[in-house]
Number of protein chains: 2
Amino acid sequence: MSKKRKAGKRGRKAFSLPLLTVDSVLFTYHEKSLKVLLVQRSSEPETGKWGLPGGIVDIETDKDIESTALRKLVEKTSVEPPFFDQLESIGNQTRDPRGWSVTVVYTALIAHQNCEQHVSTVSDVQWFEIEEALKMKLAFDHRNIVLSARERMRQRALYSILPGYALAEKFTLSELQHLHELLIGKSIQKRSFRRRIEQAELLVDTGEKRQEGGRPAALYRLKNVSMTHRFVRNLEAS
Amino acid sequence: MSKKRKAGKRGRKAFSLPLLTVDSVLFTYHEKSLKVLLVQRSSEPETGKWGLPGGIVDIETDKDIESTALRKLVEKTSVEPPFFDQLESIGNQTRDPRGWSVTVVYTALIAHQNCEQHVSTVSDVQWFEIEEALKMKLAFDHRNIVLSARERMRQRALYSILPGYALAEKFTLSELQHLHELLIGKSIQKRSFRRRIEQAELLVDTGEKRQEGGRPAALYRLKNVSMTHRFVRNLEAS
DNA sequence: CCAATAGTGTCTATCAGACATTATCTA
DNA sequence: TAGATAATGTCTGATAGACACTATTGG
């Protein structure tokens with residue numbers, strides 16, 4: 001049971017510790033497609049490959065792992081995402097060529113326009129359409145991480161309107177529905193989608209309209225409850 | 001961006017690394033109550049306090065963090081739980097007096113009888129009724145972790161029969177329902193509970209009966225699909 | 001007028017809640 | 001017989017699916 005750890009005040013030396021990193025899967029919706037933010041690695045290992053924004057926890061300056069992940073994300077986009085939460089942690093001997101390493105992964109959502117100004121000015125940070133990203137040879141096990149994050153978002157699209165945080169502050173119901181359809185992977189009945197949102201009172205009608213080829217669409221804003229609301233009954237998965 | 005990390009082959013020295021531990025919240029159902037396994041700490045820090053079974057990742061022998069958590073759990077109970085999955089990770093400067101530390105937390109379920117033989121022989125490992133455990137002064141931030149794990153199980157009780165893994169191999173529907181009621185915190189309509197389980201074909205009727213004061217109850221066994229099945233419609237939360 | 005997009009009316013099917021009723025055991 | 005626990009019958013209400021319909025814009 002207590003075989004090794006004798007260590008006093010700072011027993012770090014008794015054990016060889018794994019490398020600890022954080023990674024974030026930041027999604028957005030833009031031009032009718034779901035995109036994920038990737039960063040081209042400039043340092044060892046896996047130099048040159050595209051991977052998730054993240055990095056090593058700095059215990060001198062970071063107060064917790066969430067701060068680390070946010071800090072790394074802000075370095076790449078210059079803004080804090082309105083939605084950000086922990087997905088999973090992956091730790092093993094083989095995922096990093098440097099040896100045993102653990103990464104704590106976060107999922108985040110942001111409006112495309114809210115970080116495009118910064119992203120578009122640098123060449124090593126870029127949005128990729130999700131299917132395209134999954135076809136790439138990503139660094140480390142980042143492809144699997146993106147898959148997990150998408151699956152989590154897919155589930156959420158079935159029982160919440162959390163994906164709305166990937167849209168601009170004001171958005172149309174058609175935009176929100178299409179994003180859900182992308183995540184779920186099938187079309188949704190317009191009536192069902194709108195009915196449940198209206199009944200749960202999750203959105204605020206801004207009164208404004210936006211036109212795009214047909215009848216102008218009402219613009220809505222997320223209420224704060226949208227972050228936590230779960231419908232009792234899900235949309236059908238398949 | 002890439003300010004520090006210069007490190008070569010084994011760049012561990014460039015950064016001061018946080019302590020990495022795992023902890024498990026193991027639940028069971030026994031004598032009509034929900035119990036959690038706690039361990040009395042025999043080593044520094046927090047010696048003497050009760051806390052979650054867990055420990056430091058040993059990168060020499062563990063192939064991944066899940067193995068570490070399972071290994072630690074088996075050390076305390078001598079058996080592997082039939083359900084085991086990751087809950088969350090917590091990492092900050094203040095949770096451990098030794099300094100910056102990260103713990104990867106798992107939730108597990110096991111039948112009480114399947115580990116009672118070992119648990120009852122040692123004095124530093126013990127089942128506590130959950131409410132009682134939450135009133136205790138647990139080590140580190142373990143009380144908060146138990147709260148998170150319970151909340152996760154509560155959600156699962158609403159949309160699955162996963163809690164069934166905390167029961168013996170053969171169990172009655174009344175037992176399963178009562179466990180769900182403990183998790184959800186309110187009573188469930190018997191008809192609703194049974195109907196949905198029957199329709200989804202999640203259980204196997206063993207043909208055996210068990211009697212306890214009234215009409216004998218049929219004994220069921222979990223099908224493997226019970227691990228992953230999610231009802232489209234949840235039970236009502238409140 | 002037509003094309004395109006937004007939004008509504010309304011019927012049906014499913015399934016959880018509620019609660020009464022029947023079934024099977026012991027004492 | 002009564003008491004206890006298990007199991008079922010059946011009605012109601014809520015809500016998602018399906019799909020036709022109306023509404024509002026531009027050309």
Side-chain angles (χ1 to χ4, degrees), chain A residues 31-32 155-161 167 170-181 183-220 229-238, chain B residues 31-32 155-161 167 170-181 183-220 229-238:
Chain A
E31 289 174 345
K32 296 188 184 291
Q155 290 300 324
R156 287 178 159 149
L158 293 172
Y159 62 70
S160 77
I161 57 164
L167 302 178
K170 298 170 187 175
F171 56 87
T172 70
L173 288 176
S174 296
E175 282 176 327
L176 183 57
Q177 179 175 342
H178 184 239
L179 170 53
H180 278 247
E181 287 173 336
L183 285 165
I184 296 172
K186 66 162 247 188
S187 62
I188 302 170
Q189 288 289 330
K190 181 161 56 172
R191 202 69 174 97
S192 307
F193 189 73
R194 289 166 181 240
R195 203 170 23 203
R196 68 204 320 249
I197 289 173
E198 184 175 26
Q199 287 225 340
E201 299 181 67
L202 296 177
L203 301 181
V204 179
D205 188 336
T206 63
E208 300 172 61
K209 305 273 181 188
R210 178 197 301 159
Q211 197 193 335
E212 204 170 329
R215 172 174 171 176
L219 288 170
Y220 293 86
H229 181 84
R230 296 184 175 213
F231 294 102
V232 171
R233 190 165 162 184
N234 294 1
L235 296 174
E236 280 181 9
S238 52
Chain B
E31 289 173 345
K32 297 190 185 292
Q155 290 300 326
R156 285 176 159 150
L158 293 173
Y159 62 70
S160 77
I161 59 164
L167 302 178
K170 298 170 187 175
F171 55 86
T172 69
L173 287 176
S174 295
E175 281 176 329
L176 183 57
Q177 178 175 343
H178 184 239
L179 171 52
H180 277 248
E181 288 173 337
L183 285 164
I184 296 173
K186 64 162 245 184
S187 62
I188 302 171
Q189 288 289 330
K190 180 160 58 172
R191 201 65 173 101
S192 306
F193 190 73
R194 290 166 181 238
R195 203 170 24 204
R196 67 205 322 245
I197 289 172
E198 184 174 26
Q199 287 225 339
E201 299 182 64
L202 296 177
L203 301 181
V204 180
D205 188 336
T206 64
E208 300 173 61
K209 306 273 181 189
R210 178 197 299 159
Q211 198 193 334
E212 205 168 329
R215 173 174 170 177
L219 288 171
Y220 293 87
H229 181 84
R230 294 185 177 212
F231 296 101
V232 171
R233 191 166 161 183
N234 293 3
L235 296 174
E236 279 180 9
S238 52

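Below, read A as the first sequence line, B as the second, and so on, with proteins coming before strands; counting in each chain starts at 1. Reckoned from all heavy atoms, side chains included, excluding hydrogens, waters and symmetry mates.
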Quick one: the side chain of R233(B) and the base of dA16(C), do they pair up donor-acceptor inside 3.5 Å? no

ask   = Checking all strands, does L235(B) fall into the base, sugar-phosphate, or nothing category for heavy-atom contacts under 4.0 angstrom?
value = sugar-phosphate

### Query
Less than 3.5 Å between a donor and an acceptor, one on the side chain of R191(A) and one on the base of dG9(C), is that the case here?
yes

E236(A) has its side chain closest, among dG17(D), dT8(D), dT8(C), to dG17(D)

Between E198(B) and K186(A), whichever has its closest DNA chain D nucleotide further toward 5' is E198(B)

>> Take a 6.0 Å sphere around CD of Q211(B) and say whether it holds more than 12 heavy atoms from other residues, nucleotides or ligands.
In response: yes

CZ of R156(A) to CZ of R230(A), rounded to nearest 0.5 Å, is 7.5 Å

Among the nucleotides dG17(D), dA6(C), dA16(C), whichever has the atom closest to the side chain of S192(B) is dA16(C)

Distance-only donor-acceptor test, R195(A) side-chain atoms vs dT15(D) base atoms, 3.5 Å
no

Distance col, row E175(B):CD vs L167(B):CG, nearest 0.5 angstrom, shows 6.0 Å

The nucleotide from dA6(D), dG17(D), dG17(C) with an atom nearest the side chain of K190(B) is dA6(D)

Ranking dA16(C), dT24(D), dT8(D) by distance to the side chain of P216(A), first place goes to dT24(D)

| request: Could you tell me whether Q189(A) contacts a base, only the sugar-phosphate backbone, or nothing, with contacts defined as non-hydrogen atoms closer than 4.0 Å? | output: base

